[in-house]
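Right, one structure below, let's go through it.
We count ligands from 1, going down the list as the structure has it; atoms in each ligand are counted the same way. Numbers here are sequence positions counted from 1.
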Amino acid sequence: MTELLVTGGQVLRPDMTVERADVLVDQDDGEILAVESPGELAGDDELDAGDGLVVPGLVNAHTHVAMTLLRGYADDKPLDAWLQEDIWPVEGELTPEDVRVGAELGLVEMVKSGTTALSDMYFHVEEIAAAVEQAGVRAALGHTAVTVGKDEEGARDDVRQSLETARDLDGAADGRISTTFQPHSLTTVGERYLREYVPEANAAELPVHLHANETTDEVTPIVDEHGLRPLEYADDVGLLAEDSFLAHCVHVDETEIDLLAETGTGVAHCPASNMKLASGMAPVQRLLDAGVTVGIGTDGAASNNDLDMFDEMRDAAMIGKLAADDASAVAAETVVEMATENGAELLGIDSGRIEPGANADLAVLSLDSPHLTPAHDLVSHLAYAATGSDVRHTVCDGEVLMRDRDVTVFDEEAVRERAQAHADAVVDRASN
Ligand SMILES: [Zn+2]
C-alpha cells in the first residue's frame, strides 16, 4: 500500500468546521484512511498543504467539457438564437479529434481549479472518456440524443446510441467513469422516442441526465401540447427517478418542486449560464427547503465562459439570494455543500467529504493572498472570495493531478496550443 500524507494544512470537515489536521490517503485504493491532528500520521510521500486549506474536490454537476473550443465564440444572445445561429452550426463541424482536444483543455482547466468530478453531456463520447482517463478525474458521461430535425431512422439511431454508450462506458477508467442516459431536453426529443426508450433505460437502471425548464420557451410548448407542466410530463414518461438529475430547473412551479422531492430527482443548478443567457433565476432555496438535492454546474464554456467552480459557488449564492429576495438564502455553507457533497450525491460517488472511507478526491488552496486575508471565516472565503487559481494541489482517486500548480497528467502548454489550432480550424470550416 502506498500512502500519501497531506500535511500542514487546515481541513474542511463534513460539518463545515475547519481544523488543523493531516490527511492520510491510500493511493492504491484511492481512499482517505485517516484525518488526525498534525504530527500523528506518516506516509510514503507527502503533499505540503502548509498554511493552506484542504477541501473536498469540487463536483461540476453539469457541463459540456469539450465546448471549451467555443469559449468566447458567440456571446450576448438569448438561448434559442445563440444555439441556432452560432453554436449548432459550429458543433456540426466538430470532429472526434476536436472533441478530444476540447475535452483535454477543459479538463486541464478543471484540474487547475480543484474540480475532481464532472457530469458531462455531449457526443463523440469515447474521446471525452479517453481524455478523462488521462486526466485522472471522475466523470459521469453520456451521448446526448436529439430527435428534432431528424428523420425516423436518424432519430432512433441517436437515442439508441445514448443507451448503448451508457451501457458500454460504465465503469471505464478503473471505475472512475460512470454513465447516464441523455435525452437532450423535453422539447428536443420527441414524445414517442421518450415513451419507447425511457423504459429501456429504467430497466437497465441507467440514471438520466437532461436539460429541463431552462427557459420559458421550453415550458410553454409543453403546457400547450400536453396540458401538463414540463416536469409532470417528464414524470409521465418515466424520466423522474432517484439517481436521475435535471440541469437548470429555472422555471419550476410548486407542483414541480414537490414532484422532484417525491421522486428523489436531483437538480444541477447552472447560475452563470442562466444569468448570461438571461434564462431566469432558479428557485434554489425553495428546492433545497423541499428536500431536493441540488448540485452546481458550470454548463459549457460557451455560456459561462469558464469552468471555475469557485466562480460558480459565488454566482449560486448571489442569484439564489436575489431569486428568494432574501440575503440569508443560499448561504456560504450551503453553496459549498452543493459544490461538494450534493454534486457527489448526484453523480453517485462517495466523494465530496474529507473523512476516512471517502474517496481521496481533494484540493488544497493557498490562503496567503490579499483577497483571502484576513481569515475570519474560511467557508465564507470558499464561497465568496476564492478563485480557481488559488488551488495549489489537486488529488483524485489518491493520485496527485496537480502539484504546486504544475499539472502532472497533461502537458498544459501543448494542450493549449492544440486547442487554439483546432478551435481556429473548426470556426474556419463553419464559416465556409
Ligand atoms: Zn447544458
- Message: One thing to verify: whether Glu109 and Arg71 come together as a salt bridge, which I'm taking to mean a side-chain N less than 4.0 angstrom from a carboxylate O.
- Response: yes

- Which protein N, O or S atoms does the Zn ion (ligand 1) have within a distance shorter than 2.8 Å? His62 NE2, His64 NE2, His211 NE2, Asp299 OD1

- Item | Enclosure of Asp325 CG (heavy-atom neighbours >12, cutoff 6.0 Å) | no

- When rounded to the nearest 0.5 Å, the distance separating OG of Ser162 from OH of Tyr197 is 11.5 Å

- Message: Check this for me: does any side-chain nitrogen of one of Arg192 and Glu152 sit under 4.0 Å from a carboxylate oxygen of the other?
- Response: yes

- Using a strict 4.0 Å threshold on nitrogen-to-oxygen distance, state whether Arg195 and Asp236 make a salt bridge. yes

- Ionic contact status for Asp350 with Arg353, cut-off 4.0 Å: yes

